[in-house]
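In this text the structure is predicted, and so the values were computed from the model without any measurement.
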Amino acid sequence: MYEVRNCIVHELFSQPLYEADIKKISYFLGNIEKEGFIKGDPKDKHELLNYSKSDDILMKEDLYLLRKEIESHINHYLFNILFLDTDKIKIKHLSSWLVINKPGAEHNNHVHNNSFISGVFYPKKCDVFKAGDFVATIPQSISTWCSSSIRPEPIRYNLKNSSKWKIPPVRNKLLLFPSHMYHHVEKNRSNEDRYSISFNYNIEGEIINLHGNRMKIKYE
């Protein structure tokens, strides 16, 4: 092992993944579940992913308190951590849906198009060791601390040298991330369903950069 040096490492150009616990909030999924589900791919008789028919479940009265709590975390993330201008923009709910991963189900790597910030909340207890981790990834085609052409293997992974990061689906856990962040869900290897609430938000208002370029986003 080489000698340890005093230094500062600047973790530049990040895609911040926000993690928090939501507790002491009353919310009710029973009525949402009664509205029914659709399968992820109706052409596949072996499809194990069930999605709520409603794509705005956080706007329903049963989940009002949960939505307000989630939005308070989104505001904290955007305005207290990323320091966006509260006088210029506000958040806008676009979509939200309940997902049930049956045993054997998984989500392929993807991003959330046409939104600014996305997230997931885990409302029910499951086997956190087998039900399938949330995995944030970055394509090898995007150079970070190294490029795809020369990629030595670290003996220990951390936030600086990892190309993927796993978070287990712990009950009451909330994750927020830029909608363009690639992510997937590992296979549910447990014997029970894995519940999650996913959602997309955009920003509304006046967008301006340091060079004076302006754009206004307004939803009806």
Side-chain angles (χ1 to χ4, degrees), residues 10-27 32 51-52 54-99 107 109-123 134-139 141-144 159-160 162 164-165 167 169-170 172-185 196-220:
H10 299 278
E11 299 186 34
L12 294 175
F13 315 127
S14 67
Q15 297 183 57
L17 174 58
Y18 178 104
E19 178 180 353
D21 292 320
I22 293 181
K23 297 178 180 178
K24 300 180 180 178
I25 296 293
S26 297
Y27 52 88
I32 306 299
Y51 298 89
S52 59
S54 171
D55 63 358
D56 63 349
I57 66 169
L58 286 180
M59 304 303 290
K60 297 184 180 300
E61 183 177 356
D62 290 333
L63 299 184
Y64 172 80
L65 293 178
L66 177 61
R67 175 171 63 86
K68 300 304 290 185
E69 182 68 10
I70 287 174
E71 290 181 353
S72 73
H73 282 274
I74 294 175
N75 285 324
H76 176 64
Y77 174 77
L78 293 179
F79 301 116
N80 296 340
I81 296 176
L82 300 180
F83 290 103
L84 301 187
D85 192 341
T86 58
D87 293 329
K88 294 287 195 303
I89 61 175
K90 61 181 180 180
I91 62 173
K92 174 68 175 180
H93 173 273
L94 297 180
S95 58
S96 51
W97 60 99
L98 180 64
V99 185
H107 292 265
N109 214 27
H110 65 283
V111 299
H112 292 210
N113 295 321
N114 299 330
S115 57
F116 188 78
I117 184 169
S118 300
V120 61
F121 174 71
Y122 303 107
F134 173 96
V135 185
T137 66
I138 187 167
S141 58
I142 298 178
S143 298
T144 54
L159 290 175
K160 301 175 185 66
S162 295
K164 65 179 179 181
W165 199 259
I167 298 180
V170 177
N172 291 328
K173 180 75 69 181
L174 171 69
L175 302 177
L176 304 174
F177 48 90
S179 297
H180 59 266
M181 175 184 281
Y182 276 90
H183 58 283
H184 65 270
V185 176
S196 61
I197 294 175
S198 296
F199 50 86
N200 293 317
Y201 278 75
N202 213 334
I203 52 177
E204 182 178 37
E206 184 179 28
I207 313 299
I208 183 171
N209 68 13
L210 294 177
H211 302 290
N213 296 332
R214 297 173 184 267
M215 176 176 66
K216 287 189 176 181
I217 300 176
K218 176 66 176 177
Y219 288 89
E220 297 296 334

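- Within 6.0 Å of CZ in Phe79 there are more than 12 heavy atoms belonging to other residues, nucleotides or ligands.
- With a 4.5 Å cut-off on side-chain heavy atoms, Leu175 and Tyr122 count as touching.
- Of the possible polar contacts, one joining the Glu204 side chain to the Tyr219 backbone as a donor-acceptor pair under 3.5 Å is found.
- Partner of Glu206 under the side-chain hydrogen bond (donor to acceptor under 3.5 Å, both in side chains) criterion, out of Lys218, Lys216, Arg214: Arg214 alone.
- Nearest heavy atom pair, residue His107 against residue His184, reads O-CB, 3.2 Å.
- Taking the ring centroids of Tyr27 and Phe121, they lie under the 6.0 Å cut-off.
- When every heavy atom of Leu63 is checked against every heavy atom of Ile57, the shortest pair comes out as CD1-O, 3.5 Å.
- No side-chain heavy atom of Leu174 sits under 4.5 Å from any side-chain heavy atom of Glu69.
- The CD atom of Glu71 sits 10.0 Å away from the NZ atom of Lys92 when rounded to the nearest 0.5 Å.
- Between atom CH2 of residue Trp165 and atom CD1 of residue Ile138 there is a gap of 14.0 Å, rounded to the nearest 0.5 Å.
- Met181 CE to Thr137 OG1: the interatomic distance, rounded to the nearest 0.5 Å, is 8.5 Å.
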| request: Please lay out, stage by stage, how Asp21 and Lys173 fare under the test side chain to side chain contact (heavy atoms under 4.5 Å, CB included). | output: CA-CA 5 Å; Asp21 292 320; Lys173 180 75 69 181; 3.1 Å; yes

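- By the neighbour-count criterion of 12 heavy atoms within 6.0 Å, atom CG of Asn209 is densely surrounded, having more than that number from other residues, nucleotides or ligands.
- Pairing each heavy atom of Asp87 with each of Asp85, the nearest pair is N-OD1, 2.9 Å.
- Judged purely by distance below 3.5 Å, without hydrogens or angles, the side chains of His183 and His112 pair a donor atom with an acceptor atom.
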| message | Set out, in order, the CA-CA distance, both residues' side-chain angles and the distance that settles side chain to side chain contact (heavy atoms under 4.5 Å, CB included) for Trp97 and Asn200, then state yes or no. | response | CA-CA 9 Å; Trp97 60 99; Asn200 293 317; 3.5 Å; yes

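- Between the side chain of Ser198 and the backbone N or O of Val120 there is no donor-acceptor pair closer than 3.5 Å.
- Expressed to the nearest 0.5 Å, how far OG1 of Thr144 lies from CG of Leu12 amounts to 12.0 Å.
- Between the side chain of Ser179 and the backbone N or O of Ile117 there is at least one donor-acceptor pair closer than 3.5 Å.
- Between Tyr201 and Ser115, the shortest heavy-atom distance links the atoms O-CB, 3.7 Å.
- You'll find the side chain of Leu78 stays beyond 4.5 Å of the side chain of Ile89, heavy atoms only.
- Counting non-hydrogen atoms of neighbouring residues, nucleotides and ligands closer than 6.0 angstrom, the CD atom of Glu61 reaches no more than 12 such neighbours.
- In this structure, CG on Asn75 lies 10.5 Å from NE2 on His73, to the nearest 0.5 angstrom.
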| request: For Leu82 and Tyr77, run side chain to side chain contact (heavy atoms under 4.5 Å, CB included): C-alpha distance rounded to whole Å, both residues' side-chain angles, the deciding distance at 0.1 Å, then the answer. | output: CA-CA 6 Å; Leu82 300 180; Tyr77 174 77; 3.8 Å; yes

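- Ring-plane geometry between Phe134 and Phe177 is classed as tilted, the angle between the planes lying from 30 to 60 degrees on a 0 to 90 degree scale.
- Among all heavy-atom pairs drawn from Leu94 and Asn114, the shortest one is CD1-O, 3.5 Å.
- Once rounded to the nearest 0.5 Å, the distance linking NZ of Lys60 with CD1 of Ile32 reads 5.5 Å.
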| said: Does Ile81 form a side chain to side chain contact (heavy atoms under 4.5 Å, CB included) with His76? I'd like the steps, not just the answer. | reply: CA-CA 7 Å; Ile81 296 176; His76 176 64; 3.9 Å; yes

